[in-house]
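In what follows, a single structure is set out as structure tokens and then discussed.
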Amino acid sequence: MSRKETRKETLEQAEEQVPTIRSGRATLTDFVTGRKRRRGERAVVPEAEFSSYYDKPVLNPPVWRSPEIPGYLFLGGLAGASSLLGAGAHFTGDRTVATAAKTGALGAITLSVVALVADLGRPMRFVNMLRVFKPSSPMNIGSWVLAGYGPLAGASAFSAITGKLPKIGAVATGGAALLGPAVAAYTGALVSDTAVPAWHDGYREMPFVFVGSGATAAGGLGLLTAPDDESAPSRNLALFGTALELAAFGRMHKRLGMVAEPYRAGRGGKYMRATEILSLAGLAGAVLGRRSGILRRLAGAALIAASACTRWGVFHAGKQSAKDPKYTVVPQRQRLRDR
């Protein structure tokens, strides 16, 4: 057989394999993009496995530890929202709720800073953050917010407990209320300002999730401590916070697509399911327990637990997404195709 005939036969064999090869390419593309395979196509190559050299993750997982960092996130949200509740109760004359909210805010922000310093390892690392002012850094801005909020929350609580310096206490209460939303929200921006897929890709909704979660916790604290005739503001705050948190998280989960899987599976998914159950149970108890102190307090405890589960769920979902290469590789390929 001549060389020309051999080449022609080789080309004919290759043409016969083209449909199969194309079918395999379509299968791999469908796996990456999530599209359904058309009828009649079959895979000729195994599904892609996203891995890296020596089975190491593409990203270095966060070095943040539990319970320090999830506790820091939860307590900061509780403190900031409690200052808002305390200011509202202060100016409407609900002294019991005001005192409880201001005291809770001071206790929560103190424990939050303790948890942060414990994770940093040395207190001076927190102080060193205040040596510069960098608006592009959520950690730096958050440090300044905490540095300003803490003394205001302390003066507000001191005046409420002792009854001394009422004018200074009123000013401090107003100042803490102004900084409260920033305290509750900046941690959402902080976790989003990372390369962790489940955190970074949710940068649009994460601050709203954290603010809503903080309001839920503060409302729960108010329901635990408020008498029957002063429980309405706490109940309304809890309703607002739960609605905001669930709506923002639902929007984030839908927008993230496959990157949202860690919020529904694994350890992070368990915490987020607990959040939904406790939130709904807490809301039901808050509405039905208007004349039942026991039911109202159980509802308050459930709402606080729901807020804590949100922070732990976000924390573990982020760590899980950083360990699996597909949550980094697949979205990057999708963004390149979209361009």
Side-chain angles (χ1 to χ4, degrees), residues 27-37 43 46-52 54-74 77 187-188 190-210 212-213 216 242 244-282 302-303 305-335:
T27 302
L28 181 58
T29 303
D30 291 343
F31 173 78
V32 175
T33 61
R35 295 180 298 184
K36 293 184 178 180
R37 189 186 307 144
E47 290 186 344
E49 293 183 2
F50 299 98
S51 59
S52 57
Y54 307 108
D55 294 327
K56 297 292 185 181
V58 175
L59 300 175
N60 290 325
V63 297
W64 293 341
R65 300 173 299 181
S66 179
E68 289 90 341
I69 293 303
Y72 157 67
L73 302 177
F74 162 68
T187 48
L190 175 63
V191 299
S192 300
D193 191 37
T194 63
V196 177
W199 295 346
H200 178 268
D201 291 2
Y203 71 95
R204 296 179 183 175
E205 297 87 3
M206 194 71 74
F208 295 98
V209 172
F210 277 31
S213 179
T216 299
T242 303
L244 177 61
E245 177 186 358
L246 295 180
F249 180 78
R251 178 181 175 84
M252 183 179 74
H253 187 273
K254 182 178 180 180
R255 186 176 63 82
L256 294 188
M258 66 165 295
V259 180
E261 289 177 0
Y263 290 111
R264 294 298 182 189
R267 195 170 182 181
K270 292 179 181 179
Y271 276 111
M272 298 311 298
R273 285 193 294 273
T275 294
E276 295 177 355
I277 295 172
L278 290 169
S279 296
L280 296 177
L303 292 170
S307 178
C309 286
T310 296
R311 300 313 207 282
W312 260 265
V314 170
F315 176 78
H316 287 292
K319 298 197 74 170
Q320 181 179 341
S321 71
K323 293 179 181 179
D324 195 332
K326 73 177 182 180
Y327 298 120
T328 302
V329 176
V330 174
Q332 286 180 346
R333 292 181 177 178
Q334 183 64 46
R335 286 192 289 267

Side chain [X], main chain [Y], donor-acceptor under 3.5 Å:
X	Y	answer
Thr194	Val191	yes
Thr328	Asp324	no
Arg264	Met272	no
Trp199	Val314	yes
Thr275	Tyr271	yes

When rounded to the nearest 0.5 angstrom, what is the spacing between [atom1] in [X] and [atom2] in [Y]?
X	Y	atom1	atom2	value
Met258	Asp201	CE	CG	10.5 Å
Ser192	Phe210	OG	CZ	7.5 Å
Leu190	Leu73	CG	CG	7.5 Å

Looking only at non-hydrogen atoms, find the nearest pair between [X] and [Y] and report the distance.
X	Y	answer
Thr242	Thr216	N-OG1, 3.0 Å
Ser66	His316	OG-NE2, 4.3 Å
Phe208	Ala248	CB-CB, 3.8 Å
Cys309	Leu278	SG-CD1, 4.0 Å
Val196	Ser321	CG1-OG, 3.4 Å

Decide whether a cation-pi geometry holds between Arg273 and Tyr263; the criteria are a distance under 6.0 Å from NZ or CZ to the six-membered ring centre and an angle within 45° of the ring axis.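 Arg273 over Tyr263 ring: no.
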
Step-by-step salt bridge (Lys or Arg N to Asp or Glu O under 4.0 Å) determination, Glu205 to Lys254: CA-CA 11 Å; Glu205 297 87 3; Lys254 182 178 180 180; over 6 Å; no

